[in-house]
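Proteins come first, then strands; the chains are lettered A, B, ... in the order of their sequence lines, and each starts at number 1.
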Amino acid sequence: MTPFTTITGTAVPLDRSNVDTDAIIPKQYLKSIKRTGFGPYLFDDWRYLDPGDLQTDVKTRRPNPDFVLNRPEHRGATILLARQNFGCGSSREHAVWALANYGFRAVIASSYADIFFSNSFKNGFLPVVLKADEVEQLFQAVAADAAQRITVDLPAQQVRIDGGAAFHFDIDALRKDRLVKGVDEIGETLAHADAIKAYEARRRQAAPWLFAQ
Amino acid sequence: MAGKTSGRTLYDKLWDAHVVKDFGDGSALIYIDRHLLHEVTSPQAFEGLRLAHRQPWRLAANLAVPDHNVPTEGRAQGIKDPVSKAQLDALDENCAAFHITKFGLMDRRQGIVHVIGPEQGATLPGMTVVCGDSHTSTHGAFGALATGIGTSEVEHVLATQTLVQKKAENLRVTVRGHVGPGVTAKDIVLAIIGHIGTAGGTGYSIEFAGEAIRALSMEGRMTVCNMTIEAGARAGMVAVDDTTINYVKGRPFAPRGAAWDAAVVAWRDLHSDADAHFDREVVIEAAGIEPQVTWGTSPEMVVPVGGRVPDPAEEKDAVRRNGMTRALQYMALKAGTPMTDITLDKIFIGSCTNARIEDLRAAAAVARGHHVAATIKQAMVVPGSGLVKEQAEKEGLDKIFLDAGFEWREPGCSMCLGMNPDHLSPGERCASTSNRNFEGRQGAGGRTHLVSPAMAAAAAIAGHFVDVRQMQGEAA
């Protein structure tokens, strides 16, 4: 997994709450059997004026000039700003793959849906939780200057508006450690293979019906 | 091992029984008893296994079925969409290569993953159940700890039979007393979501309790638990009682003989202790719940059928007000409109929320002897599984639906999310028994109103929303 330490970049302000994973990556793209290539379809219904699918060349489609992601001043941004309950709905990890594939490395919001939140950490993508008023300050900073640079510093657990305020964020110690090191979680769990086998042996005694073929 | 020895909630008990290793920071390695797979969220997980040269940890824990992409008509002719076909082929190839049990497209047991698990007895009380689908919460109806997971976690479960999980807090939602006639499990859960909000359950496991929940059949409890995720909680559950045990008995994957007797003894303990501590309690009076209809683009945007589309101007919170305004614009609705004035283009009766036999019976009871309104372009009934379809046909429900002008389809997720050919066109308005009314959920530009099966059938006949209790009153 791609490690995450510190990034500095510009941010796209997506001023909506309850952004669901259907909006992040619509259903027709979930037919892909790959982990890559979802970036061009991120926020597809909002981003384009015409419909699309995996077989349509995105270059032939008409971008919605009013959608924030398409504004020239937000090109190349690596941070997404949003409001509460970001990533609600479906468990599709394609939502995180689309955000990361587009070029985002982190999202900053006041809260997240649980499944999206945990999916993020498996992909070197950091969902930062700040207080609603701190998120508001970031929205204001970006509204004042789209080129405003923002730093997300995971080791220091800090979001800094360059030349402005800094905000502390909380994160689970284990999750932080795994993200900073870019740990292969399956490999890490398989180091506990003996504990899993011992559990199975105990459980097979207590509840044999769970192990029927 | 961590965990309290007395005063534990159902969730505490399920958690404690599955801890392989406690990491001491509120997270633990949790053992997974049942892993359900479908074609959409598994291909990348199998690819990951292959790249790392890993094998599934315990084959018998896995059960796979295609459901999201499957066509609901003309199945014998194969799948027309080459991209959907590739995904179904990938599931076939992966299950064959790794020796995972799969009910194929033409198997009579094929259906929506959250319908077939319980139907087969593959979901049992006391289990941890996971699936790469957020509506896995459905299985919590059995006193199981059931959660939706992402594809990386699908791969993790395949490879290790475990997941690293953070323990959630305990929230009990008690629905006190009894609901009135014509009020269903779907109305109960929509009312709960309307009350606590779409993020109200975030960070919690929800236990649904109270007389109104106890009075529900297993299918009703599944409908309630199914939509737990729409309240933000990853897991919802109901304590085991006779209703649970009677439902499970005799199902193909359920234990038999002495194993059954031992299992029942263990399952009888799957309830919260009387002195269990809940971090949060919500109490709702069942008598106050009316048939519900959503008006917006989030399941929390819901009102009783006798209500009106709310006015954003009355909302004080600016972020919420913006959300409401945007939702009204997307839904092309005016504040103050009576819900019963809203006319529909399409009707969808189906999904993992409401496509079981009791749902179809409820819809058929309303449709019987009536006809779908001339203004309705399409009214579809999509059974949750091949076995549900067989049962419905045995009871003559298919005939009732067909006579009333509904289409009778093959089982699958269908228009709940429109990955297959069943979807809404831009601007079309649908009364749907599914679980999400998000923008574009049923098709780009489509407008979804969530309702119960009886309410959907009533709307099909009237051409607009109508309080099903009035129609039921006429029939009686």
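- Within the 4.5 angstrom heavy-atom criterion, only side-chain atoms of B/Arg326, from C-beta onward, approach chain A.
- Donor-acceptor pairing under 3.5 Å is recorded for the side chains of A/Trp46 and B/Glu439.
- Contact of A/Thr21 with chain B is not made at all, since no heavy-atom distance falls under 4.5 Å.
- Contact check for B/Gln87 versus A/Ser32: no side-chain heavy atoms found under the 4.5 Å cut-off.
- Between chain B and the residues A/Pro208, A/Ser17, A/Ala95, A/Ser90, the largest count of heavy-atom pairs under 4.5 Å involves A/Ser90.
- Within the 4.5 angstrom heavy-atom criterion, no atom of A/Phe116 approaches chain B.
- Heavy atoms of B/His135 lying under 4.5 Å from chain A are absent altogether.
- Only the side chain of B/Pro82 has a heavy atom closer than 4.5 Å to any heavy atom of chain A.
- With A/Ile186 as the fixed residue, the side chain to side chain contact (heavy atoms under 4.5 Å, CB included) test singles out one of B/Thr160, B/Leu49, B/Leu158: B/Thr160.
- Using a 4.5 Å cut-off between heavy atoms, A/Lys31 contacts chain B through both its backbone and its side chain.
- At a threshold of 4.5 Å between non-hydrogen side-chain atoms, the residues A/Phe121 and B/Val164 do not count as touching.
- Looking at A/Ala193, both its backbone and its side chain come within 4.5 Å of chain B, counting heavy atoms on both sides.
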Discussion item. Could you go through B/Arg54 and A/Asp184, starting from their C-alpha distance and side-chain angles, then the distance that decides it, and tell me whether this counts as salt bridge (Lys or Arg N to Asp or Glu O under 4.0 Å)?
Written reply: CA-CA 13 Å; B/Arg54 286 171 178 144; A/Asp184 165 22; 2.9 Å; yes
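- Side-chain contact between B/Thr151 and A/Trp97: present, with at least one pair of heavy atoms (C-beta onward) separated by less than 4.5 Å.
- Here A/Ser118 is the residue among A/Ser111, A/Ala198, A/Ser118, A/Ala207 with the most heavy-atom pairs under 4.5 Å with chain B.
- In this structure, chain A has no heavy atom under 4.5 Å from any part of B/Gln165.
- Taking 4.0 Å as the cut-off between side-chain N and carboxylate O, B/Lys21 and A/Glu188 do not count as a salt-bridged pair.
- Using a 4.5 Å cut-off between heavy atoms, B/Trp260 does not touch chain A at all.
- Heavy-atom distances place no part of B/Thr101 under 4.5 Å from chain A, backbone and side chain included.
- Heavy atoms of B/Ala90 lying under 4.5 Å from chain A belong exclusively to its side chain.
- In this structure, A/Trp209 and B/Trp267 have perpendicular ring planes: the angle between them is above 60°, well past the 30° mark.
- By the 4.5 Å heavy-atom criterion applied to side chains, A/Glu200 and B/Tyr31 are counted as neighbours.
- Of the inter-residue distances, the one linking B/Thr297 atom OG1 with A/Asp22 atom CG reads 11.5 Å to the nearest 0.5 angstrom.
- In this structure, chain B has a heavy atom under 4.5 Å from the side chain of A/Asn123, while its backbone stays farther away.
- Residue B/Glu300 touches chain A through its side chain alone, counting heavy-atom pairs closer than 4.5 Å.
- Residue with the most contacts toward chain B among A/Gly187, A/Gly89, A/Ala113: A/Gly89 (heavy-atom pairs, distance under 4.5 Å).
- Both the backbone and the side chain of A/Leu210 come within contact range of chain B, judged by heavy atoms closer than 4.5 Å.
- Counting heavy atoms from C-beta on, the side chains of A/Asn119 and B/Ser152 never come closer than 4.5 Å.
- In the displayed structure, A/Gln55 atom CD is contacted under 6.0 Å by more than 12 heavy atoms of other residues, nucleotides or ligands.
- Looking at B/Asn435, there are no atoms closer than 4.5 Å to chain A (heavy atoms on both sides), in backbone or side chain.
- Interatomic distance, CZ of A/Arg35 versus CD of B/Glu47, reported as 7.0 Å (0.5 Å rounding).
- Ranked by non-hydrogen atom pairs under 4.5 Å with chain B, the options A/Arg203, A/Gln28, A/Arg83 are led by A/Arg203.
- In this structure a side-chain-to-backbone donor-acceptor pair under 3.5 Å is present from A/Asp114 to B/Gly203.
- For A/Ala195, the parts sitting under 4.5 Å from any heavy atom of chain B are the backbone and the side chain alike.
- Taking a 6.0 Å sphere around CZ of B/Arg320, one finds it holds 12 or fewer heavy atoms contributed by other residues, nucleotides or ligands.
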